[in-house]
Amino acid sequence: MPSHDIPSDYLDGYARILADASATGRGLTRAERESRSALGERAADAGYGLRALVGAHLAASRAYGADPAVAPVSTEALLAAVEQAVDAFAEGHERAQRLAIRQEEAARREFIDDLLHGRSDLGLLAERAERFGLHLSFAHTVAVAQGDCAYEEGDKEPRAVEHALAARFGDRSVLVTTKDGRLVCVAPGDQADVIDFFAARALAVVEGARVAVGRPQPGPGGVVQSYEEALNALDLADRLELATPVLRAADLLVYPVLTRDRQAMADLVLNTLGPLRAARGGAGPLIGTLVAYFDTGCVAAQAARRLKLSVRALTYRLERIHRLTGTNPADPTHRYTLQTAVIGARLLDWPERPF
């Protein structure tokens, strides 16, 4: 008889197999094993756990062995038949579960791709999101962690970050995944503590990590916008050689503004810094001098240490820039134009990439 609330359908023919196999001591036939395996697949598809199903088989085995109406059987033969039948049943159950896991992983991957690139109908996307614990009608923030290596969903680093978030915050409608080799965290827009914790864990476990955080954006399309802001922040950090480990798109809004009119920025760079190409060694070393000078708050001694120069050598370079461009880096009235042009040159990768 079935037990553990398992329907008798999943034990169909089991007693007959025990009687036939144990009475003669033979093993299960191929057809008998296949029938058990098929029932195991059906039970897995119906959502029944393997532990309860095995318990039902063992209860049925005990009931069969204790029934005085059955012919006497060898205990060893009975146990061998039970072992083979349960093994075949478990094999079918596990096969169905592996298939379900692969299908679930494929569905999750497809959803993540659509979520981060906005390739699906937003209404349908919002419905699918609920299956993964996200409510896209609210605002969401996306953080992206990039390291020295590319990561995939099953790697230990993404799993460590995901497990840490789950242990700390439980069910907070948070999605941790990977995309294009980077770790990605999607969290409700009003839960900055989740994003801060993700950033801290990513920096701790991902070698060479840098984390970029988009702004909270509302609605089903908000995830895409926040994700793109985070990616743009990473790109800006690479081009500007920013050393900050955690970059926030809200703090970098001036840079997209500067590059919105690319032609105007290119004109500013060429008009302001173009004369530096006449220097020995080209414009690159002098632009690097300006970068260090501005990054250190226009403190010559600090800039010289960063460049491994003497203060006198740095001062000579600044004077050379003044003579070639007609703008004085030490003059506050000239400084803004020069600094903006230097930022533009780094964003546009000039002079390495001529306009």
Side-chain angles (χ1 to χ4, degrees), residues 144 146 148 208-215 225 228-355:
V144 179
Q146 180 173 283
D148 294 336
R210 171 178 282 168
V211 181
V213 182
R215 292 178 296 166
Q225 296 176 36
E228 290 179 348
E229 287 182 347
L231 292 183
N232 289 336
L234 287 173
D235 181 58
L236 280 171
D238 287 339
R239 286 190 281 169
L240 297 177
E241 299 178 356
L242 301 178
T244 309
V246 180
L247 306 155
R248 299 187 183 275
D251 299 333
L252 303 173
L253 291 176
V254 65
Y255 297 108
V257 171
L258 290 175
T259 56
R260 191 160 295 163
D261 189 337
R262 182 183 176 88
Q263 185 58 52
M265 178 56 73
D267 290 342
L268 174 66
V269 170
L270 286 177
N271 290 334
T272 305
L273 303 177
L276 297 181
R277 290 176 294 186
R280 185 168 56 185
L286 295 181
I287 290 177
T289 300
L290 288 172
V291 169
Y293 185 64
F294 292 136
D295 285 352
T296 56
C298 300
V299 179
Q302 291 184 20
R305 282 196 296 271
R306 178 175 292 191
L307 295 170
K308 298 184 170 130
L309 297 172
S310 66
V311 174
R312 180 169 181 167
L314 178 80
T315 302
Y316 172 78
R317 287 192 181 187
L318 295 178
E319 291 173 351
R320 180 70 169 154
I321 292 168
H322 186 188
R323 287 196 301 271
L324 288 172
T325 66
T327 53
N328 184 3
D331 186 339
T333 60
H334 294 169
R335 190 178 300 155
Y336 176 76
T337 298
L338 261 180
Q339 189 166 8
T340 304
V342 168
I343 291 172
R346 297 172 76 185
L347 291 174
L348 301 177
D349 198 22
W350 186 89
E352 287 78 8
R353 186 176 298 171
F355 301 138

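As a basis for the values below, the full set of heavy atoms in this structure was taken, side chains included, without hydrogen atoms, waters or symmetry mates. In this chain, residues are counted from 1 in sequence order.
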Taking all heavy atoms of [X] and all of [Y], pick out the closest pair and write down the distance.
| X | Y | value |
| --- | --- | --- |
| Leu286 | Ala279 | CD1-CB, 3.6 Å |
| Ala233 | Ala212 | CB-CB, 3.9 Å |
| Ala237 | Leu247 | CB-CD1, 3.3 Å |
| Ala249 | Gly214 | CB-CA, 4.0 Å |

Could you grab the distance from atom [atom1] of [X] to atom [atom2] of [Y], nearest 0.5 Å is fine?
| X | Y | atom1 | atom2 | value |
| --- | --- | --- | --- | --- |
| Leu268 | Ile343 | CG | CD1 | 10.5 Å |
| Met265 | Arg262 | CE | CZ | 10.5 Å |
| Leu314 | Glu319 | CG | CD | 10.0 Å |
| Leu258 | Leu252 | CG | CG | 11.5 Å |

Short question: side chain of [X], backbone of [Y] - any donor-acceptor pair under 3.5 Å?
| X | Y | result |
| --- | --- | --- |
| Asp261 | Ala264 | yes |
| Arg239 | Leu347 | yes |
| Arg277 | Gly274 | yes |
| Gln146 | Arg210 | no |

Flag the pair [X] / [Y] as yes when at least one side-chain heavy-atom distance between them is below 4.5 Å, and no otherwise.
| X | Y | value |
| --- | --- | --- |
| Leu318 | Asn328 | no |
| His334 | Thr337 | no |
| Leu276 | Thr325 | yes |
| Ile287 | Pro351 | yes |

Open item on the list: I need the full list of side-chain hydrogen bond (donor to acceptor under 3.5 Å, both in side chains) pairs touching residues 280-306, with sequence neighbours left out, sorted by first then second residue.
Closed with: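 Of all non-adjacent pairs touching residues 280-306, those that pass side-chain hydrogen bond (donor to acceptor under 3.5 Å, both in side chains) are Thr289-Arg317.
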- [ ] With sequence neighbours excluded, give me every side-chain hydrogen bond (donor to acceptor under 3.5 Å, both in side chains) pair touching residues 242-255.
- [x]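 Qualifying pairs, neighbours excluded: Asp196-Arg248.
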Open item on the list: For Asp267 and Gln263, which I'm curious about, is there any donor-acceptor pair between the side chains at under 3.5 Å?
Closed with: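 Yes, Gln263 and Asp267 have a side-chain donor paired with an acceptor closer than 3.5 Å.
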Task: Derivation and outcome, side chain to side chain contact (heavy atoms under 4.5 Å, CB included), residues Arg215 and Leu253 - done: CA-CA 11 Å; Arg215 292 178 296 166; Leu253 291 176; 4.1 Å; yes
Task: salt bridge (Lys or Arg N to Asp or Glu O under 4.0 Å) between Arg335 and Asp331, worked out - done: CA-CA 6 Å; Arg335 190 178 300 155; Asp331 186 339; over 6 Å; no
- [ ] Just do the side chain to side chain contact (heavy atoms under 4.5 Å, CB included) check on Val144 and Val213 with the steps written out, would you?
- [x] CA-CA 6 Å; Val144 179; Val213 182; over 6 Å; no
- [ ] Using the test side chain to side chain contact (heavy atoms under 4.5 Å, CB included), find all partners of Leu338 that sit at least two apart in sequence or belong to another chain.
- [x]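 Listed in chain order: Thr272, Leu273, Leu290, Phe294, Thr327, Pro329.
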